[in-house]
Amino acid sequence: MTFVESKSERIRPKRFHGTAGVEDWRVVGEGACAYFRTGSFAVGARFVGAISEMPGAGGGHPDVDVRQDAVIVRLITITDDYYGLTERHVELARRISAVARTLGISADPSAVQTVQVTVDALEGPKVVAFWRALLGYQDRAHSGEDLIDPHRRGAPFYFQRMDAPRPQRNRVHVDVWVPYDQAEARIAAALAAGGRLVNDADAPSNWVLADPEEQRGLRRRGRLTRPDHRPRVNAG
């Protein structure tokens, strides 16, 4: 049995975070992510090269985004019937963090986040088909209500069913996932910047906020989410 096969058990975010050795990582809407501050592109390139040479990684290498002074690493399983974390990702996260330490690279968990666009739709299948074609996206695990970028670059889209028209209400909003230990600070910052708290009935699962112009009839809202408490997004 290979390393990958022996670690294929699906896990939830709380189980991931409850495991020792993954302190650099945070589970957000798109899986377990870590933000490593490399300081330069050259160091980042060496870091990625070292990750690629890790023994036992097997198939399904992590998604890596190399920037001028940082490297973002994401761990997630994407198959026809699953979109989330497995036991394999726990050990992979530990190994990647160990590689970072050998190179003198530190992680910044506060810099991790995921953004999703949510669309309210009366005729879900038709609306999903339109956006699937326009964006070049594909269904997430045949859900029928979630679209993801097959190249894993753009924000995912979620289509929320409406039972009846809601005139003069915004039918598109932005979901923002942040690390569980950053949520309250992010809410405070948004309120200090002129936002308004619309609904916190589901806190600490999620909060709904409106930007300053909503008071003038321009309805734009955002929802900030802690993924450890949100069952719909199967990120583990």
Side-chain angles (χ1 to χ4, degrees), residues 3-4 7 11 13-78 83-117 148-156 174-190 193 224-228 233 235-236:
F3 171 78
V4 174
K7 297 291 184 178
I11 61 173
K14 284 187 176 181
R15 182 171 171 184
F16 180 92
H17 281 305
T19 305
V22 297
E23 292 78 14
D24 293 341
W25 301 77
R26 296 293 184 272
V27 179
V28 288
E30 294 295 279
C33 298
Y35 188 100
F36 294 96
R37 295 197 179 277
T38 58
S40 72
F41 186 85
V43 173
R46 289 199 295 272
F47 181 35
V48 175
I51 292 174
S52 70
E53 296 172 356
M54 288 191 317
H61 285 287
D63 291 338
V64 179
D65 184 358
V66 184
R67 297 290 171 162
Q68 181 176 349
D69 58 356
V71 170
I72 304 166
V73 185
R74 179 178 72 152
L75 306 176
I76 192 167
T77 293
I78 300 178
Y83 188 89
L85 297 171
T86 67
E87 283 283 359
R88 181 178 71 89
H89 295 125
V90 174
E91 184 59 28
L92 197 53
R94 289 173 175 153
R95 294 185 181 195
I96 292 172
S97 290
V99 170
R101 287 192 295 272
T102 64
L103 295 175
I105 299 171
S106 61
D108 182 1
S110 69
V112 173
Q113 77 170 28
T114 291
V115 175
Q116 170 182 276
V117 179
I148 58 173
D149 180 358
H151 304 293
R152 307 191 189 190
R153 297 174 304 192
V174 177
D175 289 330
V176 181
W177 280 270
V178 299
Y180 61 88
D181 50 0
Q182 297 295 317
E184 293 184 6
R186 186 68 66 88
I187 292 294
L224 187 139
T225 301
R226 287 177 46 169
D228 282 7
V233 178

Peer 1: Distance-only, no hydrogens or angles: does the E53 side chain make a donor-acceptor pair with backbone N or O of I51 under 3.5 Å?
Peer 2: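 Not at all, since once roles are kept as given, no pair shorter than 3.5 Å links the two residues.
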Peer 1: A20 and R94: which non-hydrogen atoms are nearest, and at how many Å?
Peer 2: O-NE, 2.9 Å
Peer 1: For A70 and T38, work out which heavy atoms get closest and say how close.
Peer 2: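 The answer is N-OG1, 3.3 Å.
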Peer 1: Output the distance between atom CD (E91) and atom CG (L75), rounded to the nearest 0.5 Å.
Peer 2: 11.5 Å
Peer 1: Give me the atom names and distance for the closest heavy-atom approach of R67 to F41.
Peer 2: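 It is O-CD1, 3.7 Å.
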Peer 1: Under the side chain to side chain donor-acceptor pair (under 3.5 Å) test against E30, which residue among R74, Q116, Q113 passes?
Peer 2: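 Going through the options one by one, the only one that passes is R74.
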Peer 1: Indicate yes or no for a side-chain donor-acceptor contact from R26 to the backbone of Y35 under 3.5 Å, with no hydrogens or angles considered.
Peer 2: no
Peer 1: With side chain to side chain contact (heavy atoms under 4.5 Å, CB included) as the criterion, how do V112 and W177 come out once you've worked through the C-alpha distance, each side chain's angles and the decisive distance to 0.1 Å?
Peer 2: CA-CA 9 Å; V112 173; W177 280 270; over 6 Å; no
Peer 1: Apply side chain to side chain contact (heavy atoms under 4.5 Å, CB included) to V71 and I105, showing your working.
Peer 2: CA-CA 10 Å; V71 170; I105 299 171; over 6 Å; no
Peer 1: Would you sort out whether W25 and V73 count as a side chain to side chain contact (heavy atoms under 4.5 Å, CB included), showing the intermediate values?
Peer 2: CA-CA 9 Å; W25 301 77; V73 185; 3.7 Å; yes
Peer 1: Go through the steps to decide whether V90 and R15 satisfy the test side chain to side chain contact (heavy atoms under 4.5 Å, CB included), and finish with yes or no.
Peer 2: CA-CA 10 Å; V90 174; R15 182 171 171 184; over 6 Å; no
Peer 1: Evaluate the side-chain proximity of V174 to V115: yes if any heavy-atom separation is below 4.5 Å, no if none is.
Peer 2: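 Sidechains of V174 and V115: in contact.
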Peer 1: Rounded to the nearest 0.5 Å, how far apart are CG of D65 and CZ of F36?
Peer 2: 13.0 Å
Peer 1: Which heavy atom of R37 sits nearest to which heavy atom of A111, and what is that distance?
Peer 2: NH2-CB, 4.2 Å
Peer 1: Using modelled atom types only, decide if a donor and an acceptor are shared between the side chain of R88 and the backbone of L85 within a distance under 3.5 Å.
Peer 2: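 It does not hold such a pair.
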Peer 1: Atom CZ of R186 and atom OG of S110: how far apart are they, to the nearest 0.5 Å?
Peer 2: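 That separation rounds to 9.0 Å.
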Peer 1: Minimum heavy-atom separation for V99 to A50, with atom names?
Peer 2: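 Here V99 and A50 meet closest at CG1-CB, 3.5 Å.
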Peer 1: Testing the basics here: between P109 and P179, what is the closest heavy-atom pair and its distance to 0.1 Å?
Peer 2: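 Of all heavy-atom pairs spanning P109 and P179, the closest is O-CG, 3.3 Å.
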Peer 1: Main chain of G49, side chain of S52: is a donor-acceptor contact present, judged purely on distance under 3.5 Å?
Peer 2: yes
Peer 1: Before we go on, tell me: are the rings of F16 and H89 under 6.0 Å apart, centre to centre?
Peer 2: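 No, the ring of F16 stays outside the 6.0 Å limit from the ring of H89, centre to centre.
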Peer 1: Working to the nearest 0.5 angstrom, can you tell me the gap between I76 CD1 and C33 SG?
Peer 2: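 I76 atom CD1 to C33 atom SG measures 8.0 Å (nearest 0.5 Å).
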Peer 1: Out of curiosity, L92 CG to S97 OG, how far, rounded to the nearest 0.5 Å?
Peer 2: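 Here the rounded value is 10.0 Å.
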